[in-house]
Amino acid sequence: MALRLYNTLTNQKELFEPIEPGKVGIYVCGPTVYKDSHIGHAVGPVIFDALKKYLVYKGYHVKLVVNITDVDDKIILESQRLGLSMRELAEQVSKGYFEALDKLGVDSIDVFPRATEHIGHIIELIQRLGENGAAYEVNGDVYFDISRCPNYGCLSNRKSEDQAEGTRQLAGGGKRNAGDFALWKAAKESEVGWDSPWGRGRPGWHIECSAMSMHYLGESFDIHGGGMDLVFPHHENEVAQSVTATGKPFAKYWLHNGLTRVRTKAAGGEWKNEKMSKSLGNIKPIRELLEEYPPQAIRFFLLSTHYRRPIDFSDDAIQSVLKGMTNIYRLLERLERLSGEDVYHSKGSVTTMEELARTETDKAFRNEIHSAHLHYLENLDDDFNTAGAIAVLYELCNSINRYIDQQRLETHPNKDQLTLALEGARTVAMLGQILGLLREPIGKTTGGDALAGQLMGLFIEMRAEARQNKNFALADAIRHKLKTLHIVLEDRPDGSTDWHKE
RNA sequence: GGCGGCAUGGCCAAGUGGUUCAAGGCGACGGAUUGCAAAUCCGUUAUCCGAGGGUUCGAAUCCCUCUGCCGCCUCCA
């Protein structure tokens, strides 16, 4: 099976072939850290973290780099407003960003380079551009001359001359072309700055990504990712300056994820969906979101839509995904309960299944697991269709539940069949884990609260007694009252009772 | 004005020419199971894929027109 990815550069799905066989370098544009991160900032990292995990599963050695842009006009302005230094603000915002990623299970990023740690590399790169005649200085500012890059516009498919109308003409500046962009900006007295051949200043917006990606991944690397809003001008400019500086291709595959949208009320009173954006002021800090929902559910939610499509964020949408995800966990719990074995940390064994499946029914079941496994990977190979893959997971869960019910394994346990079902559940967990899902049980009980467990044991015992005495009024009263505390009881065929929080 | 994307059942969401093409999830309804529930299973819930044309033996899937929404062209994941 071969992975195909949609490349923004060519506007089509292409067979993925790394520049160097077996090794993959991925660079993803991270946030400019001047305000709290919102869920949109987590989309890219979650998707590319999942993609890396999949590539690793396929046997590649992958290096994933996500940058932090920590020097920029907006950070300077915001820090002045807050009475902080630029560095202090950047650190503070970055910290929140990292905490969010950590909760979302984004743990495969190898480096988080910061622009301010690579000023030397940035200056070198600008100098190379100057040597190539593509950079020019005007009063301490240095601009990139897009007329020196014949392919300018190749990524975003636009021609600079078509852009004139409707575009704000930037005042002054002495730029040769309207589309020229700053590589280096002269610093004002009060602003942070670094010494450079052009005087004290700071990097322009795009140059840091070229400098850092090349530094960590080489002048040509495999995958460059980011939000769709970055295609122009950010990524277009990255391509232009990188190719012009090195004379080599820059990123081979450009992957762009859809933007997160949110329903907002327009001035006229009608609702509309628009992108979640710091500048539009319609953001919900990711910190708050992660307090409202299990982080695992947010990750599941983000991967339940194809990465190139926009995601409309709403409580209803997360709730329904949370419900669905919980049902998968229920199946995994069911098998741990029935088999007494761990399903999360043990890979499914094909040979075990081959040996155990003897009857036609068992063989058919085994085949369902195998084909689901294949189907799942096929989906991921097709432009990383995580939504399609997750659908396969649900189907597999249904197969396993059906098998357990039809073979009456709850009441008539058969060791081999139980093992077969267990291997199915392990397959579910293993497949989910390829995307960083289903890594460990989620709060079935109240977690480590021993007292709660003991109290629940008492309630269940009292209720069992009542039921034995046919005192159903009391038994039901106990259950109903627990329900008001969002505790649900489930009676098992063997007379035992489980409980979980809703 | 230019460039690009999207429009699938009550909601979310796969599918981009042809027995698995109308997946999957949530919700709803009916049934099995249960003392009753919960969970689980079974069944029903889009003759149709924004509208209208066209190409084709055949289209949600290709082409054209139209409508609506969104993104970018200025900072933005």
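Naming convention: chains lettered A, B, ... in sequence-line order (proteins, then strands); numbering from 1 in each chain.
- Between A:R176 and A:D145 there is a salt bridge, with a side-chain nitrogen of the basic residue lying less than 4.0 Å from a carboxylate oxygen of the acidic one.
- Ring centroid separation for the pair A:F301 and A:F313 comes in under the 6.0 Å cut-off.
- For RNA chain B, if you chain together Watson-Crick or G-U pairs that step i with j, i+1 with j-1 and so on, the runs of at least three with distances under 3.5 Å are B:1-7 with B:67-73, B:10-12 with B:24-26, B:27-32 with B:40-45, B:50-54 with B:62-66.
- Regarding contacts with the backbone of B:A77, a side-chain N or O of A:T32 is found under 4.0 angstrom from either OP1 or OP2.
- With rounding to whole Å, A:M228 atom CE is found 14 Å from B:C3 atom C1'.
- Nearest to the side-chain atoms of A:D405 among the listed nucleotides B:C41, B:C73, B:A77 stands B:C41.
- Aromatic pair A:H235/A:H256: ring centres closer than 6.0 Å.
- Remark: A:R467 fails to qualify as a cation-pi partner of A:F472 under the 6.0 Å distance and 45° angle criteria applied to the six-membered ring.
- The side chain of A:D229 approaches B:G71 more closely than any other nucleotide in the set B:C41, B:G71, B:A23.
- Going from atom CD1 of A:I400 over to atom CG of A:L331 covers 5.0 Å, rounded to the nearest 0.5 Å.
- Straight-line distance from the OH atom of A:Y329 to the C1' atom of B:G25: 16 Å, rounded to whole Å.
- Cation-pi geometry between A:K74 and A:Y34 is met: under 6.0 angstrom from the ring centre, within 45 degrees of the axis.
- Here, B:C49 and B:G35 have their C1' atoms 47 Å apart, quoted to the whole Å.
- The side chain of A:E395 lies closest to B:A23 when the candidates are B:A77, B:A23, B:C72.
- Taking the P atom of each, B:C70 and B:U8 are spaced 15 Å apart, rounded to whole Å.
- Both A:C397 and A:G40 sit near RNA chain B, but only A:C397 has its closest nucleotide nearer the 5' end.
- For the pair A:M325 and A:C29, both in contact range of RNA chain B, the more 5′-proximal nearest nucleotide belongs to A:M325.
- Here, B:G17 and B:U61 have their C1' atoms 6 Å apart, quoted to the whole Å.
- Residue A:V488 is classed as a sugar-phosphate contact, given heavy-atom separations below 4.0 Å to backbone atoms only.
- In summary, A:E461 and A:R463 do not engage in a salt bridge, as defined by a charged side-chain N under 4.0 Å from a carboxylate O.
- As a whole-Å value, the separation of A:I68 CD1 from B:A77 C1' is 11 Å.
- Within the structure, salt bridge (charged side-chain N to carboxylate O under 4.0 Å, His left out) pairs that include any residue of residues 384-404 of chain A comprise A:E368-A:R402 (at least two apart or interchain).
- The phosphate of B:G25 (OP1 or OP2) has no side-chain N or O of A:K323 nearer than 4.0 angstrom.
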Dump the pairs, protein N or O against N or O of nucleotides 28-35 of chain B, anything under 3.5 Å, distances to one decimal.
unit_1: B:G35; atom_1: O6; unit_2: A:R467; atom_2: NE; d: 3.1
unit_1: B:G35; atom_1: N1; unit_2: A:D476; atom_2: OD1; d: 2.9
unit_1: B:G35; atom_1: N2; unit_2: A:D476; atom_2: OD1; d: 3.3
unit_1: B:G35; atom_1: N2; unit_2: A:D476; atom_2: OD2; d: 2.4

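- The listed nucleotides are B:C42, B:C73, B:A77; the one nearest the side chain of A:H41 is B:A77.
- Between B:C12 and B:G30, the two C1' atoms lie 24 Å apart (nearest whole Å).
- Residues passing the salt bridge (charged side-chain N to carboxylate O under 4.0 Å, His left out) test with A:R408: none are found, sequence neighbours excluded.
- Relative ring orientation between A:H206 and A:H234 is described as tilted, the plane-to-plane angle lying within the 30° to 60° band.
- Look at A:R334 and A:E410 and you find a salt bridge, because one of the NZ, NE, NH1 or NH2 atoms lies within 4.0 Å of a carboxylate O, short of that distance.
- Taking atom C1' on both nucleotides, B:C48 is separated from B:A23 by 15 Å, rounded to a whole Å.
- With sequence neighbours excluded, the residues that form a salt bridge (charged side-chain N to carboxylate O under 4.0 Å, His left out) with A:D49 are A:K53, A:R299.
- A:E236 places its CD atom 13 Å from the P atom of B:U74, with the value rounded to the nearest Å.
- Across all strands shown, A:G226 has heavy atoms under 4.0 Å from sugar-phosphate atoms exclusively, and none from any base.
- Residue A:N327 has a polar side-chain atom (N or O) positioned under 4.0 Å from OP1 or OP2 of B:C26.
- The gap from the C1' atom of B:A7 to that of B:U16 amounts to 14 Å, rounded to the nearest Å.
- In summary, A:E191 and A:R202 engage in a salt bridge, as defined by a charged side-chain N under 4.0 Å from a carboxylate O.
- Summarising the geometry, the separation between OH on A:Y152 and P on B:C73 is reported as 11 Å, rounded to the nearest angstrom.
- Look at A:R261 and you won't find any side-chain N or O under 4.0 angstrom from OP1 or OP2 of B:G71.
- Between the C1' atom of B:C11 and the CG atom of A:D315 lies a distance of 14 Å, rounded to the nearest Å.
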Between protein and nucleic acid, restricted to nucleotides 12-15 of chain B and to nitrogen or oxygen atoms under 3.5 Å apart, what atom pairs and distances do you find?
unit_1: B:A14; atom_1: OP1; unit_2: A:H306; atom_2: N; d: 2.7
unit_1: B:A14; atom_1: OP2; unit_2: A:R309; atom_2: NH1; d: 2.6
unit_1: B:A14; atom_1: O3'; unit_2: A:N385; atom_2: ND2; d: 2.9
unit_1: B:G15; atom_1: OP1; unit_2: A:N385; atom_2: ND2; d: 3.0

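- Residue-level contact check: A:G225 touches neither bases nor backbone, having no heavy atom under 4.0 Å from any strand.
- With P as the reference atom, B:A60 and B:A22 are 10 Å apart, rounded to whole Å.
- Between the C1' atom of B:A77 and the CG atom of A:L259 lies a distance of 7 Å, rounded to the nearest Å.
- Taking atom CD1 on A:I400 and atom C1' on B:C42, their separation rounds to 18 Å, with Å as the unit.
- Of all nucleotides listed (B:G24, B:C41, B:G71), B:G24 comes nearest to the side chain of A:Y394.
- A:D36 and A:R287 are joined by a salt bridge, as a carboxylate oxygen and a charged side-chain nitrogen come within less than 4.0 angstrom of each other.
- Nucleotides B:A13 and B:G4 are separated by 23 Å at their C1' atoms, to the nearest Å.
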